[in-house]
Amino acid sequence: MSEEFVLANARYGKDKVRVLRVVRSGNEDDKAGRHHTVVEYNVTVLLEGEIETSYTKADNSVVVATDSMKNITYYLAKVSPHILSPERFAMHLGTHIVSKYAHIKKAFITVEQLRWSRIVIGPNGQPHGHSFVRDGEDKRLVNVEIDGTSPSTLLATVTSGLTDLLVLKSTNSSFDSFVRDEYTTLPEVDDRIFSTSVDLSYVFSKLEIPLPKDEKLLELLVPESIAEGSVWDEEVKERTRRATLDVFAEDDSASVQATLYKMAGRILKENAGIDSVSYALPNKHYIPVDMRYIDVDNLTPAKAEVFTPLSAPSGLISATVKRK
Ligand SMILES: O=c1[nH]c(=O)c2[nH]c(=O)[nH]c2[nH]1
């Protein structure tokens with residue numbers, strides 16, 4: 001009798017592979033001249049392909065162990081010339097796995113990069129050669145999908161962005177003219193605090209990577225097209241973070257929705273290689289304290305100076321903006 005169910009989809013892999021990589025570029029013999037760069041990544045590797053029988057027939061012959069995925073991640077962290085760019089490293093990892101295992105058709109690589117910024121020392125602000133500071137809880141987040149279903153090329157979809165960028169502005173934010181009915185208790189305000197924790201992601205135009213013929217190259221390094229690709233350069237990261245902060249600070253905000261749309265538009269204007277931009281912006285409410293108990297006006301927007309953060313609930317405003 002045939003079973004009454006089938007495997008609808010399957011994807012598996014390793015999560016939270018934590019890696020810190022030191023890149024040494026100065027004169028190591030001279031303690032004072034040592035110049036290092038560090039990156040810290042949390043990597044997720046997930047695979048799809050001809051792996052059904054591992055679920056349906058207990059057939060482990062199709063299983064690349066998740067432990068091996070962890071080992072490949074460490075190995076490429078050691079040898080990849082792309083380690084300092086999370087986008088390129090993720091592409092290297094994904095293309096390496098899909099081209100090495102014929103029955104693995106797709107790789108989904110996520111790289112979360114934690115902040116380690118160079119410490120600036122002394123009165124003249126000298127960047128230190130090998131000391132770093134966690135100067136923010138925001139993270140860079142990169143998702144790469146490598147599609148190896150076609151025989152001669154790999155198709156890469158690269159999504160990049162940031163999470164947990166906490167911002168607050170203390171004026172130039174209003175919210176009025178919204179629906180008023182029997183459920184409405186929120187007063188209209190021409191001035192309020194606007195605070196959010198920015199989650200931003202943007203999708204680059206798809207990239208075709210021709211499979212290199214040289215086995216060695218495939219084994220060890222990335223296809224040239226990744227190395228040459230310039231669209232993932234640091235400048236894009238800097239421009240998108242800058243656009244987010246600039247627009248947030250400068251906009252005379254009519255709502256989170258309206259500010260979000262302007263941020264996304266600026267990113268699309270400034271970055272030709274980006275096809276669409278998504279934001280998720282929690283509206284982290286700060287409520288003026290009602291001080292009428294002591295006959296003090298702290299509620300009129302212009303007089304509101306003491307606020308209390310509302311940990312929950314928060315609004316959650318999200319949208320994707322794309323080119324026409
Ligand atoms: O900018 C805002 N957008 C909303 O949709 C909303 N809803 C709400 O209660 N406050 C706000 N603020």
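The basis for the numbers below is simple: all heavy atoms, side chains too, and nothing from hydrogens, waters or symmetry mates. As the structure lists them, so they are numbered: ligands from 1, and atoms in each ligand from 1.
- Ligand 1 has no N or O atom lying under 3.5 Å from any N or O atom of Ser255, backbone or side chain.
- Side-chain polar atoms of Thr66 and Lys14 form a donor-acceptor pair below 3.5 angstrom.
- Counting Ile, Leu, Val, Met, Phe, Trp and Tyr side chains that sit under 4.5 Å apart, directly or through other members, Val6 stands alone, with no cluster partners.
- Polar contact with ligand 1: absent for His285 (N/O pair, distance under 3.5 Å).
- For residues 249-300, no pair satisfies ring-ring contact (aromatic ring centres under 6.0 Å, His included), with sequence neighbours left out.
- Of the protein's non-hydrogen atoms, Phe175 CE2, 3.3 Å is the one closest to atom 11 (C) of ligand 1.
- Remark: minimum distance from atom 12 (N) of ligand 1 to any protein heavy atom is reached at Arg192 NH1, 3.1 Å.
- No N or O atom of Leu186 sits closer than 3.5 Å to an N or O atom of ligand 1.
- For the 3.5 Å distance criterion, the side chains of Asn271 and Arg239 qualify, holding a donor opposite an acceptor.
- Between the side chains of His36 and Glu28, a donor-acceptor pair is found at a separation under 3.5 Å.
- Here is the list of ligand 1 atoms found below 4.0 Å of a heavy atom in Gln257: 1 (O), 2 (C), 3 (N), 4 (C), 5 (O).
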